[in-house]
Structure formats: structure tokens, C-alpha cells
Protein chains: 2
Amino acid sequence: MDPVLVERVRQAMADLGYRPNAVARNLRRSRTTLWAAIISDIGDPFYTAMVRGVEDAARPAGFSVVLCNTDDDEAKEGGYVDAALAEQMAGVIVAPAGPGAPHVRRLLDARVPVVVVDRQPPELRVDTVLVDNELGAQAATAHLIESGYARIACITGPATVSTATQRAAGYRAALQEHGRPVDDALIRHADFREESGYEAMRALLALAERPDAVFAAGNRLALGALRCLRDRGVPVPGEVGLAGFDDLPWAALIRPALTTVAQPTYELGRAAARLLAARIAEPARPPSTITLATHLEIRDSSVRFGRGVAG
Amino acid sequence: MDPVLVERVRQAMADLGYRPNAVARNLRRSRTTLWAAIISDIGDPFYTAMVRGVEDAARPAGFSVVLCNTDDDEAKEGGYVDAALAEQMAGVIVAPAGPGAPHVRRLLDARVPVVVVDRQPPELRVDTVLVDNELGAQAATAHLIESGYARIACITGPATVSTATQRAAGYRAALQEHGRPVDDALIRHADFREESGYEAMRALLALAERPDAVFAAGNRLALGALRCLRDRGVPVPGEVGLAGFDDLPWAALIRPALTTVAQPTYELGRAAARLLAARIAEPARPPSTITLATHLEIRDSSVRFGRGVAG
DNA sequence: TTGTAAGCGTTATCAC
DNA sequence: GTGATAACGCTTACAA
């Protein structure tokens with residue numbers, strides 16, 4: 001193409017203030033450049049980091065991301081899926097609210113490119129990005145065992161959520177691997193909120209044989225448990241050790257600094273975005289599942305003897 | 001309308017799987033239902049809470065929100081503004097990255113409904129939602145004075161950012177009001193990052209006459225300053241008192257619990273959304289500025305004598 | 001190479 | 001009321 005002509009056109013565009021209308025273009029081409037990220041809570045650092053990863057991978061590929069908070073409410077999720085369908089969105093990345101994932105199915109039926117993140121949807125042929133919840137939980141529990149704790153409890157999420165059951169499974173596996181008995185009285189299912197962590201910890205402390213360590217399968221659960229231990233004046237990690245799942249930006253700042261299973265949240269988002277871009281480019285490709293490894297971040301709350309970690 | 005006919009149509013829609021195409025509708029009506037929220041960092045709790053407020057007010061009004069992270073980079077901001085223009089977005093809520101706000105001007109010139117949040121754009125007739133930075137800073141500084149601290153320093157952001165200068169102004173005002181001298185050596189301009197807070201604190205501690213209290217005009221600045229004080233083994237609040245600006249969800253969990261000027265972030269977002277909806281409905285209405293009050297959250301880090309706050 | 005026309009799916013309008 | 005028709009602004013296919 002003639003570069004001087006190109007320049008003249010450019011100039012004319014600038015002079016006239018011409019802006020191509022993306023809406024008209026989208027209609028004509030019957031495709032758009034918008035993705036929906038349907039997650040439960042943007043206030044949760046886990047999801048903010050993930051969304052950051054999605055965004056950073058989406059932009060170079062020419063896509064923008066609309067954020068949708070469901071608060072784990074299936075009706076809200078349904079509303080956002082409706083919108084994604086109506087707006088002909090190019091793709092959807094979703095952490096399904098409920099166990100059945102009916103709305104994910106709807107998207108699939110409508111041939112909308114979808115990637116599921118964080119939670120394993122049962123029996124769905126769909127691209128998925130997960131972390132290895134079981135292995136992470138196992139590592140955290142094994143660490144508590146090796147730190148010298150004898151009676152280790154587990155506070156996890158609802159039995160209907162895959163992350164909760166997988167983390168509980170990892171906890172059991174670690175106990176068995178070390179030849180420790182699994183006592184069901186020490187396993188508490190709650191929802192993932194901080195208040196539930198507090199409540200579960202309270203119940204555990206009321207036990208005749210109280211635990212001397214807790215693996216909390218969520219960051220807010222761990223925070224709630226910690227607050228309960230503080231309120232009761234139980235020294236952590238001296239009398240009760242604590243490890244959580246899912247790191248917090250400020251986990252090192254609170255006292256005692258919190259041992260956690262850190263998830264590669266940013267990478268999770270990037271992987272999901274790459275998968276989505278690949279599916280859009282090639283709708284017929286077979287669905288794949290990517291599982292990312294976690295990393296145990298050992299801090300003060302789980303180390304009974306020896307010096308604390310500086311921070 | 002005939003309710004039985006309505007039902008038949010409904011049924012037909014369901015049978016055929018008909019979904020109205022929002023792209024075509026947008027083209028025909030030449031308006032859309034999408035807002036852009038252009039902010040600096042979704043990882044900052046300030047913005048996440050604000051965005052939550054925007055979203056909660058936008059949805060009932062029929063709008064969805066696209067999030068755009070600029071990382072305070074004007075070029076990125078420009079890119080997102082281009083996109084908002086091309087996609088014919090219904091409106092934009094923006095916390096301008098730089099001092100001149102050229103991209104806000106472009107939106108205004110293109111007659112796109114805009115609301116500016118958090119930062120005061122100079123000489124622009126535009127709807128704006130701010131917090132009272134000066135009064136908030138004044139309250140925090142006055143509190144330090146009244147807690148018995150004598151030499152109070154101030155670590156603030158770049159002189160080009162309105163929030164930084166207004167908070168510094170509030171700091172000065174409090175000193176003057178209490179008949180204290182203002183020593184320019186005790187006022188440090190930095191950027192708002194944690195590392196800068198650390199560095200500024202280090203410099204302040206190296207002074208011949210070191211301060212015995214610090215007002216840090218940003219949450220990450222406060223965190224950096226606190227980390228520096230810890231590293232040097234300076235007891236807080238015993239030897240140096242500390243107050244920050246902008247609360248953190250975990251400010252009460254760190255030790256010492258951090259005194260901060262809490263901003264009504266969620267309300268800020270709601271107010272911005274309401275303003276934007278009003279402007280869309282009535283493009284000719286005169287621009288207004290809403291200023292919201294802050295609230296001083298007194299915790300341990302600024303209380304020299306007396307008991308700490310439980311938490 | 002340059003130009004023309006059809007059509008994407010709605011909705012607003014106008015004639016019936 | 002009901003029904004046909006044009007237009008939103010772009011892309012692309014095809015004709016000249």
C-alpha cells in the first residue's frame with residue numbers, strides 16, 4: 001500500500017474525527033471482542049489476582065473483559081449468562097456458583113466458548129483450569145504433622161463444592177500417609193465465610209479432646225479460626241497450630257504470620273484466558289483441563305518450636 | 001395486551017430458542033448498556049470496593065460495567081478511552097492517571113457521559129465524586145497531636161496528584177491550628193507505592209531531629225513506613241506513632257493495628273454511578289461535584305498511652 | 001484496481 | 001391496531 005496515501009487517509013480521519021463504530025462492525029461480522037468473567041466476589045484477593053491474569057492475557061489478543069460478581073448466587077449467575085448470550089460475547093470465563101453448573105451448560109449449548117476456573121464441574125466437556133487442591137491440602141497437613149502436632153483438625157467448605165471436598169481429601173491423605181487415625185469429629189464442613197471459621201473453631205475447642213492444630217481450607221476460614229483462638233486466649237502456634245489454604249497479600253503482616261497454601265492465582269487467570277482464546281480460534285478442539293501446582297508458604301502460625309519467620 | 005397471546009409468544013420464543021441480539025439493538029438504537037470503569041488497580045481494595053458500589057448501582061439501572069486497569073499509565077488509559085469510544089459505551093467512570101486528564105477531555109469532546117472519581121481534574125466541567133481529603137488528613141494529624149506526639153512528619157504522594165497535595169494541606173492545617181510549626185524537612189513526597197513509604201520512613205529516621213509520629217497519606221505508604229519501623233526495631237506506637245490514609249480490610253489484624261482515615265469507598269462508587277445515570281438521562285444538566293466525608297478509625301498504632309484496641 | 005450493493009437483526013415510522 | 005419498510009454503520013463479495 002502506498003504509505004503517502006495511508007498518511008492522507010489517517011489525516012482525513014483525524015480531521016473529520018472519524019471513529020469506526022465497533023457496534024456496527026460486531027453486528028456485521030457477528031462476533032465481538034468482549035469476554036465475561038463471572039466470579040463470585042471481586043473483593044476476594046483470589047479473584048482479583050485471577051482477573052488481572054485474565055485481563056493481561058486478553059488484551060494482547062484483542063479482547064476486553066467485563067467483570068460479573070455473583071456472590072455465589074445462582075440466580076445472579078443466570079442473569080449474567082443471559083447478558084453474555086444477548087450481547088453475543090466472544091467468550092466466558094466462569095467460576096460456577098453451584099454444584100450442578102446449569103448455566104455453564106446453557107452456554108455450552110449455545111456454542112459460546114467457555115472456560116471454567118477454580119471449581120470442577122461434574123460431567124461437563126469443557127475447558128477447565130484448576131489448582132491441585134488435594135496435593136496442596138496434603139502438603140499443609142503433612143507440614144503440621146511434621147511440626148509435631150498430634151491432633152489435627154480440618155475446617156473446610158460445603159460438601160457440594162469441589163474445592164472443599166478435594167482439600168478435605170488431601171487432609172485425610174496426609175494423615176493416612178503418616179499412619180495417623182482420621183477422626184471424623186475433627187472434620188468440620190462450613191461455608192467459606194470468616195464467621196463460619198470462627199464458629200467451627202469454637203466447636204472444635206469445646207471438644208473433650210481438643211485438637212492441637214487446624215488446617216483451614218480457605219483464607220477466610222483461617223482468619224475466622226485465628227480470631228476465635230485469639231478471643232479465647234489460646235496461643236498460636238504454641239498451643240494450637242494453624243495453616244490456611246489460599247494466600248492473602250497481608251498473610252505475612254498479621255500476627256502470628258499465617259502459614260498458607262498459596263495458589264498461582266495470576267497464572268490461573270492467564271491459563272484460562274489462553275484456553276479461551278484457543279477455543280475461540282478453534283471451536284472444535286477437544287476440551288482440556290489444566291491443573292496448576294500450589295506452593296506451601298510456611299510462616300509463624302504453624303511452627304511450634306524454633307524461631308518465627310521475620311516479616 | 002392479550003395475556004394468552006403473550007404466553008403463546010413466550011412459548012414460541014422458548015421453543016425456537018430465540019434470543020434478542022443486543023448488538024443489533026444497540027446499533028439500531030445507537031446506544032448501549034455498557035459502562036467503562038477506568039481505574040488504576042483492581043488489586044487495590046479502595047478500587048475494588050468502589051467498583052462494587054458502581055456495579056450495585058449500575059445493574060438496577062440496566063447497565064453493566066467493564067473494568068479497565070491503567071496502572072496509572074496514561075497510554076493505557078488512552079487505549080481504554082479509545083475502546084470506550086469505539087464501542088459506543090453508554091458512559092465512563094474514570095480515576096484519571098495523570099494530572100492533565102487529556103483523555104477525560106476527549107471523552108467530554110465526544111459527548112460521552114463521564115464521571116471523574118477520587119482525583120480532582122483541574123479546570124474541567126465534569127461530574128466529580130471526591131472524598132474530603134483535606135479534612136480527613138487534618139483529623140488524623142490532629143489526633144496524633146492530641147495523642148501527645150510532638151514532631152509529626154508527613155509522607156505523601158506526588159505533588160501532581162490532587163489527593164496527595166490535599167492530604168498534605170490537611171496535615172499542615174492541623175499543625176497550624178494547634179499552633180505547631182510546619183517543618184518542610186518533615187514533609188516527604190513520594191509515589192504511593194509501599195516501597196516509597198519504606199524509603200521515606202528510612203530518610204525520616206536518619207534526620208538529626210527525628211520525628212516521633214508520621215502521617216502517611218496512603219495505605220501502602222503506611223504499610224511501607226510500618227515495615228521500616230519494624231525492621232529498625234522502633235516500637236510503634238511507643239516511640240513513633242503512625243496514622244495512615246485509606247483503610248484496609250485487614251488494618252485491624254496487623255500488629256500494631258493501624259489507625260487510618262477510612263474512606264467511604266463503596267458509597268463513592270454508588271454516588272458516581274448515580275451521577276452517571278443522571279447525566280445519561282439528561283445530558284444537558286449542569287455538572288456537579290459530590291464530596292464525601294471520611295471517618296477516622298483509631299486503632300493501636302497512634303495511641304501512645306492507654307490500652308490497645310482489641311481485635 | 002475501484003466501485004457498488006447486499007445484509008447483519010433490530011426498531012421506528014408510516015401507511016393502511 | 002397491524003403490517004410492511006427503511007435505516008443504524010459497517011464488511012465483504014462480486015461486478016465493472
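Residue numbers begin at 1 in each chain, while the letters A, B, ... track the order of the sequences.
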For the student: nearest non-hydrogen atoms of [X] and [Y], plus distance:
{"X": "Pro96(A)", "Y": "Val117(A)", "answer": "CD-O, 4.1 Å"}
{"X": "Ala164(B)", "Y": "Pro158(B)", "answer": "CB-O, 3.2 Å"}
{"X": "Phe63(A)", "Y": "Thr32(A)", "answer": "CE2-O, 4.1 Å"}
{"X": "Ser288(B)", "Y": "Leu275(B)", "answer": "OG-CD1, 3.7 Å"}

Rounded to whole angstrom units, what separation is found between the CD atom of Glu87(A) and the P atom of dC8(C)? 20 Å

Could you check how far CZ of Arg19(A) sits from C1' of dC8(D), rounded to whole Å? 19 Å

Under the side-chain hydrogen bond (donor to acceptor under 3.5 Å, both in side chains) definition, can you give me all pairs with a residue in residues 95-113 of chain B, not counting sequence neighbours? Asp82(B)-Arg106(B), His103(B)-Arg106(B)

Worked check of side-chain contact (heavy atoms from CB on, under 4.5 Å) between Leu248(A) and Trp250(B): CA-CA 10 Å; Leu248(A) 293 164; Trp250(B) 63 92; over 6 Å; no

Could you go through Asn69(A) and Tyr47(A), starting from their C-alpha distance and side-chain angles, then the distance that decides it, and tell me whether this counts as side chain to side chain donor-acceptor pair (under 3.5 Å)? CA-CA 10 Å; Asn69(A) 287 97; Tyr47(A) 287 114; over 6 Å; no

Residues of residues 23-36 of chain A with any non-hydrogen atom less than 4.0 angstrom from an atom of DNA chain D: list those, numerically ordered, please. Ala24(A), Arg25(A), Arg28(A), Arg29(A)

Side chains of Ser196(A) and Asp191(A) only: does a donor on one sit below 3.5 Å from an acceptor on the other? yes

Which residues in residues 9-17 of chain B have a heavy atom closer than 4.0 Å to any atom of DNA chain C? none

